[in-house]
Q: 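Encoded as C-alpha coordinates, here's the structure I'll be asking about.
Heavy atoms only: backbone and side chains are in, while hydrogens, waters and symmetry mates are out.
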Amino acid sequence: IMNYEKEKRQYPRLPHDSVMNMYRMDHQDDRFYAQMQDYSQGGLSMKTTEKLVIGQLVYLEMMNHDNNVKGPEKHKGYGGSVKWVTPDPDSGDNQFYKYGVEYFEPVTYH
(Lines give C-alpha, C1' and ligand atoms only; values in the text may rest on other atoms or scores of the structure.)
Protein backbone atom coordinates (compact mmCIF):
# COMPACT_ATOMS: atom_id res chain seq x y z
CA ILE A 1 0.00 0.00 0.00
CA MET A 2 1.44 3.38 -0.99
CA ASN A 3 1.33 6.24 1.47
CA TYR A 4 0.09 9.15 -0.63
CA GLU A 5 -0.04 11.44 2.38
CA LYS A 6 3.71 11.17 2.99
CA GLU A 7 4.93 12.02 -0.53
CA LYS A 8 3.01 14.97 -1.95
CA ARG A 9 5.99 16.49 -3.74
CA GLN A 10 5.79 17.78 -7.28
CA TYR A 11 9.44 16.80 -8.01
CA PRO A 12 11.49 13.83 -6.71
CA ARG A 13 14.10 14.69 -4.06
CA LEU A 14 17.69 13.54 -4.39
CA PRO A 15 20.02 13.25 -1.37
CA HIS A 16 22.94 15.67 -1.58
CA ASP A 17 25.43 16.88 1.00
CA SER A 18 26.83 20.30 0.13
CA VAL A 19 27.90 23.42 2.06
CA MET A 20 26.29 26.79 1.41
CA ASN A 21 26.31 30.36 2.65
CA MET A 22 22.80 31.39 3.67
CA TYR A 23 21.60 34.98 3.66
CA ARG A 24 18.30 36.23 5.01
CA MET A 25 16.75 38.57 2.43
CA ASP A 26 15.66 40.96 5.19
CA HIS A 27 19.22 41.23 6.56
CA GLN A 28 21.72 40.48 3.80
CA ASP A 29 24.79 41.65 5.74
CA ASP A 30 24.78 38.51 7.88
CA ARG A 31 26.06 35.26 6.38
CA PHE A 32 25.29 31.90 7.97
CA TYR A 33 26.67 28.43 7.39
CA ALA A 34 24.11 25.99 5.99
CA GLN A 35 24.33 22.41 4.77
CA MET A 36 22.15 21.04 1.98
CA GLN A 37 20.53 17.68 2.77
CA ASP A 38 18.64 17.04 -0.48
CA TYR A 39 17.31 18.87 -3.51
CA SER A 40 14.75 18.79 -6.31
CA GLN A 41 13.72 21.05 -9.18
CA GLY A 42 11.35 22.84 -6.82
CA GLY A 43 13.45 23.28 -3.70
CA LEU A 44 15.84 21.81 -1.16
CA SER A 45 16.19 20.92 2.48
CA MET A 46 19.06 22.20 4.59
CA LYS A 47 20.21 22.52 8.15
CA THR A 48 21.66 25.57 9.88
CA THR A 49 21.93 27.00 13.39
CA GLU A 50 20.18 30.22 12.33
CA LYS A 51 16.53 30.42 13.37
CA LEU A 52 14.20 31.11 10.46
CA VAL A 53 10.43 31.27 10.26
CA ILE A 54 8.01 29.87 7.69
CA GLY A 55 7.62 32.34 4.84
CA GLN A 56 11.06 33.92 5.40
CA LEU A 57 12.93 34.73 2.18
CA VAL A 58 16.49 33.42 1.87
CA TYR A 59 19.33 33.37 -0.65
CA LEU A 60 21.60 30.31 -0.68
CA GLU A 61 25.06 30.60 -2.20
CA MET A 62 26.82 27.39 -3.22
CA MET A 63 30.36 27.16 -1.76
CA ASN A 64 31.51 24.63 -4.40
CA HIS A 65 29.97 26.36 -7.43
CA ASP A 66 31.11 24.87 -10.77
CA ASN A 67 29.38 25.54 -14.12
CA ASN A 68 30.71 22.25 -15.51
CA VAL A 69 28.94 19.85 -13.13
CA LYS A 70 25.44 18.43 -12.98
CA GLY A 71 23.53 18.97 -9.77
CA PRO A 72 23.15 21.82 -7.28
CA GLU A 73 26.71 23.18 -7.62
CA LYS A 74 25.99 24.05 -11.27
CA HIS A 75 24.21 27.20 -10.08
CA LYS A 76 25.89 29.91 -8.02
CA GLY A 77 22.88 30.35 -5.78
CA TYR A 78 19.18 29.92 -5.12
CA GLY A 79 16.49 32.23 -3.83
CA GLY A 80 13.40 30.92 -2.12
CA SER A 81 11.11 30.91 0.87
CA VAL A 82 11.05 28.70 3.96
CA LYS A 83 8.16 26.19 3.78
CA TRP A 84 8.77 24.04 6.88
CA VAL A 85 11.04 23.86 9.91
CA THR A 86 11.93 21.16 12.43
CA PRO A 87 14.67 20.89 15.10
CA ASP A 88 17.44 18.46 14.14
CA PRO A 89 17.57 15.84 16.92
CA ASP A 90 21.00 14.61 15.75
CA SER A 91 22.77 17.94 16.25
CA GLY A 92 23.61 17.56 19.97
CA ASP A 93 24.72 20.73 21.74
CA ASN A 94 25.02 22.75 18.52
CA GLN A 95 21.31 23.20 17.92
CA PHE A 96 20.72 22.84 14.19
CA TYR A 97 17.34 23.29 12.57
CA LYS A 98 16.20 21.60 9.38
CA TYR A 99 14.36 23.70 6.81
CA GLY A 100 12.54 23.11 3.57
CA VAL A 101 13.08 25.90 1.05
CA GLU A 102 10.92 26.28 -2.06
CA TYR A 103 12.67 28.05 -4.94
CA PHE A 104 11.06 31.14 -6.44
CA GLU A 105 10.95 29.21 -9.73
CA PRO A 106 11.83 25.60 -10.70
CA VAL A 107 15.49 24.87 -11.48
CA THR A 108 17.09 22.44 -13.94
CA TYR A 109 20.40 20.85 -13.00
CA HIS A 110 21.90 19.60 -16.27
Q: Can you sort out the partners of E50 under salt bridge (charged side-chain N to carboxylate O under 4.0 Å, His left out), two or more places apart, ordered by chain and number?
A: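 Residues passing salt bridge (charged side-chain N to carboxylate O under 4.0 Å, His left out) with E50: R24.
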Q: Do K74 and D66 have side chains that get closer than 4.5 Å, going by heavy atoms?
A: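 Answer no - side chains too far apart.
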Q: Using salt bridge (charged side-chain N to carboxylate O under 4.0 Å, His left out) as the criterion, list what pairs up with K47, not counting sequence neighbours.
A: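 With neighbours one apart ignored, the set is D88.
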Q: Answer yes or no: are there more than 12 heavy-atom neighbours, outside Q95 itself, under 6.0 Å from its atom CD?
A: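 Buried by this count: over 12 neighbours within 6.0 Å.
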Q: Quick one: do W84 and L60 end up in the same hydrophobic cluster if we chain Ile, Leu, Val, Met, Phe, Trp and Tyr together by side-chain heavy atoms under 4.5 Å apart?
A: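 In one cluster: no.
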Q: Within a strict 4.5 Å, meaning less than it, do heavy atoms of the Q56 and D26 side chains meet?
A: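 When only atoms from C-beta onward are counted, D26 and Q56 do touch, with a gap below 4.5 Å.
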Q: Looking at CD of E102 and NZ of K83, how far apart are the two atoms once the value is rounded to the nearest 0.5 Å?
A: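 If we round to the nearest 0.5 Å, E102:CD and K83:NZ are 4.5 Å apart.
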Q: Please check if any side-chain donor atom of S18 sits under 3.5 Å from a side-chain acceptor atom of Q35, or the reverse.
A: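 Not at all, the side chains of S18 and Q35 share no donor-acceptor pair under 3.5 Å.
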Q: Same cluster for L44 and I54 if Ile/Leu/Val/Met/Phe/Trp/Tyr side chains link at under 4.5 Å?
A: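 Yes; I54 is reachable from L44 via cluster members.
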Q: So M46 and V101, side-chain contact (heavy atoms from CB on, under 4.5 Å) or not? Walk me through it.
A: CA-CA 8 Å; M46 65 174 186; V101 175; 4.0 Å; yes
Q: Considering all heavy atoms of both residues, which atom of M22 and which atom of L52 are nearest to each other, and what is their separation?
A: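 Scanning both residues, the minimum pair turns out to be SD-CD1, 3.6 Å.
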Q: Partners of N21 by side chain to side chain contact (heavy atoms under 4.5 Å, CB included), sequence neighbours excluded?
A: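 Side chain to side chain contact (heavy atoms under 4.5 Å, CB included) list for N21, sorted by chain: Y23, R31, E61, M63.
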Q: Please identify each residue that fulfils ring-ring contact (aromatic ring centres under 6.0 Å, His included) with Y78, with sequence neighbours left out.
A: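 Listed in chain order: H75, Y103.
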Q: Could you check if a side-chain atom of R13 sits within less than 4.5 angstrom of a side-chain atom of S45, using non-hydrogen atoms only?
A: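 With C-beta onward as the side chain, the pair touches.
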Q: Which heavy atom in G77 sits nearest to a heavy atom in Y59, and how many Å separate them?
A: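 What the structure gives for the nearest pair is CA-OH, 3.3 Å.
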Q: With sequence neighbours left out, which residue pairs that include part of residues 27-53 fulfil the ring pair (Phe, Tyr, Trp, His ring centres under 6.0 Å) condition?
A: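 Of all non-adjacent pairs touching residues 27-53, those that pass ring pair (Phe, Tyr, Trp, His ring centres under 6.0 Å) are H16-Y39, Y39-Y109.
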Q: Should Q41 and V107 count as side-chain neighbours, where that means a heavy-atom distance under 4.5 Å?
A: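 No - every pair of side-chain heavy atoms lies 4.5 Å or more apart.
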Q: Can you list the residues that meet the side chain to side chain contact (heavy atoms under 4.5 Å, CB included) rule with T49, with sequence neighbours excluded?
A: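 With sequence neighbours excluded, T49 shows a side chain to side chain contact (heavy atoms under 4.5 Å, CB included) to F96, given in chain and number order.
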Q: On a heavy-atom basis, which atom in S81 and which in L57 lie closest, and how many Å separate them?
A: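 In terms of heavy atoms, the two residues are closest at CB-CD2, 3.7 Å.
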Q: Just do the side-chain contact (heavy atoms from CB on, under 4.5 Å) check on V19 and N64 with the steps written out, would you?
A: CA-CA 7 Å; V19 291; N64 301 321; 4.1 Å; yes
Q: Specify the closest pair of heavy atoms between D38 and M36, including all atoms of both residues, with the distance to one decimal.
A: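 Shortest heavy-atom separation between D38 and M36 comes out as O-CG, 3.6 Å.
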